[in-house]
Amino acid sequence: MISAARNHPGYWAFLLHRLSGLALVFFLPVHFWVLGTALDEAAFTGFFAWTAHPLVKLGEWALVMLLAVHLTGGVRLLILEFLPWSEGQKARIAASFGLALLVGAAFALGLV
Amino acid sequence: MTALDELEIRVWRGAADGHYQVFRAPRRANQTVLDVVSWIQREADPSLSYRFACRVGVCGSCAMTVNGKPRWTCRTHITKVAKDGRLTIAPLRNLPVIRDLACDMAPFFEKWRRARGRFEAAISRDDPLVPISPDSLERRAADAAVECINCAVCHAACDVVGWRPDYLGPAALNRAWVAWNDLRDRDRSAVLRAANAGAGCGNCHSHQSCAEHCPVEINPTRSIAGLKRAGLLALLRGSL
Ligand code: SF4
Ligand code: SF4
Ligand code: FES
């Protein structure tokens, strides 16, 4: 459980950003490895068949979600640090997460 | 469940390796957390150590951790924090505990010094006053940050202070932001250098835990973001 003093939107946003970043650090090497297999046609075709599996599709969607969350959260932070301050920080946190959800939803619709 | 006319309070006793002791105190219609702590000290255990002075939210000496959140206890009503009649009161986080609810504030104020959060006049009292327009950008920025009561609530709320104990922290950096915006200071770039040094504003993760908990609604995250921007601009201009 998140401790009482950390239970507020700014900290949730920080956690999401940090955890999505860490997850991407582990995910991306796998991604590049798969791209690497594209050089070998047989292996890539085999891999492509594997991506039809629903669990793999779920994994793909999760990867897109991670990227979207990390990207929108990162843009929010850049705006916070480099542009003049705005009092609407909580609304911006909600907006950046909402945008990531939209991207996730769009991708899920494209998947099915 | 506690009786309606009674509070059950767990109070930290001893130094860092201490423990919680349970007290029961009468519940009153109009009662602050500090009232309850004072009641315990007067009626139950006179050896209880804690700090307060003004009791009206001005001096900044009464901050403690109440049910997990750092708060000014003299202006925190029991009805707000202990609806079920239970309270857990501990010393502030991120500072050495002397005893019971009293922390050593020396490291906190040492950081103010390191952040150069101190006004140094460019002129003497014999010189004419320098006019500062109340509408100027700098004056308004300083205004928004200047009413800090040095309570260390933000310092206790900040995780980066916990992770990196030499980090200057929200209060000292907020103070440096005031000094940086004070056009009468004789060496404002010294403030910016101190605030942007190794353990300075660059460490802030913009969690906003400081702003979330500051009892006088100061926003140290905003001040720190300002220091980061001013530091970057100065760096690009070659004047940091
Ligand atoms: S915004 Fe910065 S100073 Fe405030 S709690 Fe977070 S890390 Fe600490
Ligand atoms: S900025 Fe707010 S929380 Fe921090 S020391 Fe000053 S008054 Fe207390
Ligand atoms: S006792 Fe002075 S601020 Fe609480």
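Order of the sequence lines fixes the chain letters, A, B, ..., with proteins taken first and strands second; residue numbering starts at 1 for each chain.
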Next on the checklist: Tell me which of these, Lys228(B), Arg222(B), Lys69(B), has more heavy-atom pairs under 4.5 Å with chain A than the rest.
Outcome noted: Arg222(B)
Checklist entry - Hey, is CD1 on Ile2(A) packed in by over 12 heavy atoms from elsewhere, all under 6.0 Å? => result yes
Checklist entry - Non-hydrogen atoms of chain A under 4.5 Å away: do they reach the side chain of Asn67(B), the backbone, both or neither? => result backbone
Next on the checklist: Below 4.5 Å, heavy-atom pairs only: which of Leu232(B), Asp159(B), Ile224(B) has the largest tally toward chain A?
Outcome noted: Asp159(B)
Checklist entry - Looking only at heavy atoms, which of residues 72-88 of chain A get nearer than 4.5 Å to chain B? => result Arg76(A), Leu77(A), Leu80(A), Glu81(A), Phe82(A), Leu83(A), Pro84(A), Trp85(A), Glu87(A)
Next on the checklist: Heavy-atom count check: over 12 atoms from other residues, nucleotides or ligands less than 6.0 Å from Arg99(B) CZ?
Outcome noted: yes
Item to check | Residues of residues 196-218 of chain B contacting chain A, heavy-atom criterion under 4.5 Å, by residue number | outcome: Cys204(B), His205(B), Ser206(B), His207(B), Gln208(B), Ser209(B), Glu212(B), His213(B)
Next on the checklist: Strictly less than 4.5 Å between heavy atoms, which residues of residues 4-17 of chain A line up against chain B? Please order them by number.
Outcome noted: Ala4(A), Ala5(A), Arg6(A), His8(A), Gly10(A), Tyr11(A), Phe14(A)
Checklist entry - What parts of residues 22-29 of chain A touch chain B if we use heavy atoms and a cut-off under 4.5 Å? => result none
Checklist entry - Tell me, side chain or backbone of Thr221(B) under 4.5 Å from chain A's heavy atoms, or both, or neither? => result both
